[in-house]
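When reading the values below, keep in mind they use all heavy atoms of this one structure, side chains included, and skip hydrogens, waters and symmetry mates. All residue numbers in this chain count up from 1 along the given sequence.
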Amino acid sequence: MATQTSEQKSAGLDKNNKYDRQLRLWGDHGQSSLETAKVCLVNATATGTEILKNLILPGIGSFTIVDSQKVVGEDVGNNFFLTVDSVGKSRAQVATELLSELNEDVSGDFLEENVDDLLEKNPAFFTSFTTVIATHLPERTLLNLSKVLWEKNVPLLVCRCYGVIGYLRVVVREHTIIESHPDNSHEDLRLDRPFQGLKEYCDSLDLESMNKKDHSHTPWLVLIYKYLQFWQQENGERLPNNYKEKNALKELIKQGVRKNAEGVPEEEENFDEAIKNVNSSLHKTSVPSEVKALFSDPACLDLNIESKNFWVLMRALKEFTENEGNGQLPVRGVIPDMTADSERYIQLQSVYREQAAADATAVAEHVHALLHSIGRELSFVFPQPGTITDDEVKTFCRNSAFLTVVRCRSLEEEYCPETANLEELSRHVVEEEEEGSTEGDETVLYIMLRAADRFFSEYNHYPGAYDNTMEADIPRLKSCMNKLLHDWGFSSTIKDDYVQEMCRFGASELHTVSAFMGGVAAQEVIKILTGQFVPINNTFIYNAQKQNSTTLKL
């Protein structure tokens with residue numbers, strides 16, 4: 001058996017210290033996904049380099065910058081990763097060199113080539129990356145790039161800063177998430193449908209015969225189980241479902257507190273905890289509607305040799321739920337902290353963990369049968385043919401109530417008037433005569449960005465980019481905006497204030513806006529690379545002037 005050298009152990013230790021805080025967020029497996037990721041940045045603009053900075057620091061595997069531009073004075077003014085000495089040099093090369101200094105674990109490369117030429121000669125170049133980030137691309141080029149990546153299901157993130165406007169678009173055909181880390185979720189305690197191991201453990205504890213110490217250190221979960229049984233003797237095999245019934249159960253628990261010789265209730269913190277947790281712990285155990293929808297998804301029902309592991313696991317989970325699970329998902333196997341002696345807390349924890357392990361084993365058996373049925377075990381298409389590890393099954397089962405699939409619309413659908421999600425836009429368009437109205441400001445900014453892109457395609461520069469064309473650009477931009485609204489079938493119009501502001505921006509990138517958007521975009525990239533947390537679906541608009549933002553599903 002190979003053993004680690006002292007240098008290897010030291011490197012591993014240093015890496016754990018280096019990435020300690022983020023490892024607490026997404027774990028070793030999330031960090032491993034980051035460290036094997038290959039990220040491509042199209043254009044080393046202020047926004048683009050800010051995004052890369054926030055990906056290089058946590059340790060992506062490698063990055064490549066594609067940019068045909070030379071560094072100009074404007075770049076030096078808003079991009080911290082370009083210097084005065086670099087004016088006239090390759091923007092891709094200079095940015096790569098300076099960004100690479102941030103983290104020696106990350107390898108950087110650059111390609112000084114026009115994106116349109118690269119898409120024409122070698123489109124497969126872009127599909128070799130884990131994720132592609134595009135900044136400051138003309139609409140036609142962006143649509144061509146998006147089409148190439150969409151066909152291969154390579155995630156694309158489009159990010160731009162235009163004056164005080166920040167724009168982010170996530171374009172991914174299908175992104176499956178096992179560890180979504182929900183902010184609020186009920187504990188999976190199964191008090192409404194206790195499994196056999198939980199019943200046996202709780203029934204083995206006799207509150208009446210316990211001494212004072214044991215009585216005051218019995219886990220509150222056991223207390224609720226026992227007093228729920230007393231309540232059900234009067235009310236039937238169901239949970240308390242209203243305020244009055246829950247209060248009645250709380251009163252039963254309160255009466256269970258022991259009294260001293262003077263008849264004064266003892267201080268028993270575990271009983272107080274039980275009373276406080278009645279509302280949160282007594283809920284119906286059921287399969288969430290989102291997970292039920294995934295059970296009915298064609299990708300789950302129609303497995304084939306190319307199916308993702310996620311869908312094989314989902315099908316196995318469905319079969320478990322319909323059979324061994326008796327309509328329920330696998331037990332999560334985690335219990336909250338509570339006042340208890342160590343021995344009984346560990347015993348109770350073991351009860352849940354053992355049931356979770358048994359459920360995961362049952363799911364794994366379904367997985368193996370499914371892999372065999374689709375021929376994955378004999379396939380040489382996959383690096384590790386037909387394998388789904390036990391750890392993958394356990395992680396899937398532990399997070400089975402929070403499984404999520406994000407399917408974004410393509411840019412092609414968004415940009416085509418016949419398939420665009422116009423309802424999302426039309427309800428936010430501000431009528432010109434509504435003086436002082438600010439409702440839907442961020443959505444109007446999206447429309448103005450689209451109008452500016454149309455302006456660029458007609459005049460080969462952005463509105464207000466040159467001082468000597470400012471006055472002429474205002475009516476031109478308004479015309480482009482009205483044509484866009486007409487194409488969408490909107491009868492509303494947008495106030496002239498927005499048109500004038502867009503011309504005043506002149507497509508400039510403000511570093512403060514770029515820095516903010518760089519953080520937002522990098523966060524979404526990390527979600528996609530690690531397969532953890534739920535990314536935006538699909539558009540994020542930031543109004544730096546009013547410090548407001550919104551998400552749209554376009």
Open item on the list: For Lys246 and Asn241, which I'm curious about, is there any donor-acceptor pair between the side chains at under 3.5 Å?
Closed with: no

TODO: Could you pull out all residues at least two apart from Val334 that satisfy side-chain contact (heavy atoms from CB on, under 4.5 Å)?
DONE: none

Task: Distance-minimising heavy-atom pair for Gln31 and Gly59 - done: NE2-O, 4.2 Å

Task: Which residues share a ring-ring contact (aromatic ring centres under 6.0 Å, His included) with Tyr19, sequence neighbours left out - done: none

- [ ] Check whether any side-chain heavy atom of Thr131 sits under 4.5 Å from a side-chain heavy atom of Pro155, and report yes or no.
- [x] yes

Task: Pairing residues for Arg190 by the salt bridge (charged side-chain N to carboxylate O under 4.0 Å, His left out) criterion, not counting sequence neighbours - done: Asp188

Open item on the list: Within the supplied structure, the quantity of interest is the number of heavy atoms (other residues, nucleotides, ligands) at a distance under 6.0 Å from Gln229 CD; does it exceed 12?
Closed with: yes

TODO: Given ring-ring contact (aromatic ring centres under 6.0 Å, His included), test Tyr167 with Tyr542 step by step and report yes or no.
DONE: CA-CA 6 Å; Tyr167 166 85; Tyr542 172 59; over 10 Å; no

Open item on the list: Using a strict threshold of under 4.0 Å (side-chain N to carboxylate O), is an ion pair present between Glu442 and Lys546?
Closed with: no

Open item on the list: Looking at Ser180 and Ile178, would you say the former's side chain and the latter's main chain have a donor-acceptor pair under 3.5 Å?
Closed with: no

Task: Shortest non-hydrogen contact from Leu189 toward Pro336 - done: CD2-CD, 4.1 Å

Task: Check: Glu319 main-chain N/O paired with Asn323 side-chain donor or acceptor under 3.5 Å - done: yes

Task: Distance-minimising heavy-atom pair for Ala521 and Cys159 - done: CB-SG, 4.1 Å

Task: Backbone N/O of Lys213 and side chain of Ser216: donor-acceptor pair under 3.5 Å - done: yes

Open item on the list: For Glu245, give me all partners under salt bridge (charged side-chain N to carboxylate O under 4.0 Å, His left out), at least two apart in sequence or on another chain.
Closed with: Arg238

- [ ] Considering only NZ, NE, NH1 and NH2 on the basic side and carboxylate oxygens on the acidic side, decide whether Lys308 and Glu174 come within less than 4.0 Å.
- [x] yes

Open item on the list: Can you see whether Asp359 engages Gln355 through a side-chain donor-acceptor pair at a distance of less than 3.5 angstrom?
Closed with: yes

- [ ] Please work out whether the ring planes of His283 and His186 are parallel, tilted or perpendicular, with thresholds of 30° and 60°.
- [x] parallel

Task: From CD (Glu413) to CG (Asn421), nearest 0.5 Å - done: 10.5 Å

Task: Ionic contact status for Glu266 with Lys212, cut-off 4.0 Å - done: yes

Open item on the list: Test your reading of the model: is there a side-chain donor-acceptor pair from Asn103 to the backbone of Ile56, 3.5 Å cut-off?
Closed with: yes

- [ ] Count the heavy atoms belonging to other residues, nucleotides or ligands that lie under 6.0 Å from CD of Gln547, then report whether that count exceeds 12.
- [x] yes

Open item on the list: Do the side chains of Lys276 and Glu273 get close enough for a salt bridge, i.e. N-O under 4.0 angstrom?
Closed with: no

Open item on the list: Main chain of Leu228, side chain of Gln233: is a donor-acceptor contact present, judged purely on distance under 3.5 Å?
Closed with: no

- [ ] Can you sort out the partners of Glu268 under salt bridge (charged side-chain N to carboxylate O under 4.0 Å, His left out), two or more places apart, ordered by chain and number?
- [x] none

Task: Over all atoms of both residues, closest heavy-atom pair of Leu282 and Pro240 - done: CD1-CD, 4.1 Å

Task: Minimum-distance pair of heavy atoms, taken over all atoms of Lys527 and Val534 - done: NZ-O, 3.2 Å

TODO: Measure from NZ or CZ of Lys38 to the centre of the six-membered ring of Phe129, then state whether that distance is under 6.0 Å and the direction lies within 45° of the axis.
DONE: yes

Open item on the list: Has Ser204 got a side-chain atom pairing as donor or acceptor with Tyr201's backbone, closer than 3.5 angstrom?
Closed with: yes

Open item on the list: Exactly one of Lys318, Glu324, Arg315 should register a side-chain hydrogen bond (donor to acceptor under 3.5 Å, both in side chains) with His366. Which one does?
Closed with: Glu324

- [ ] Not counting sequence neighbours, which residues clear salt bridge (charged side-chain N to carboxylate O under 4.0 Å, His left out) with Arg24? List them please.
- [x] Asp20

Task: Identified side-chain hydrogen bond (donor to acceptor under 3.5 Å, both in side chains) partner of Arg407 from the options Asp297, Asn538, Thr176 - done: Asp297

Open item on the list: Just by distance, no angles: are the side chains of Thr47 and Arg160 close enough, under 3.5 Å, to form a donor-acceptor pair?
Closed with: no

TODO: Please step through ring-ring contact (aromatic ring centres under 6.0 Å, His included) for the pair Phe271 and His215, ending with a clear verdict.
DONE: CA-CA 9 Å; Phe271 277 79; His215 193 267; 5.1 Å; yes

- [ ] Give the minimum heavy-atom separation between Leu294 and Leu403, together with the two atoms involved.
- [x] CD1-O, 3.8 Å

Open item on the list: If we count only N and O atoms by modelled type, under 3.5 Å, do the side chains of Asp192 and Thr285 hold a donor and an acceptor together?
Closed with: yes

Task: Side chain to side chain, Leu329 and Leu317, heavy atoms closer than 4.5 Å - done: yes

- [ ] Using distance alone, with no hydrogens and no angle criterion, decide if Tyr345 and Asp341 have a side-chain donor and acceptor under 3.5 Å apart.
- [x] no

- [ ] Examine distances only and state if a side-chain atom of Arg332 and a backbone atom of Cys397 form a donor-acceptor pair shorter than 3.5 Å.
- [x] no

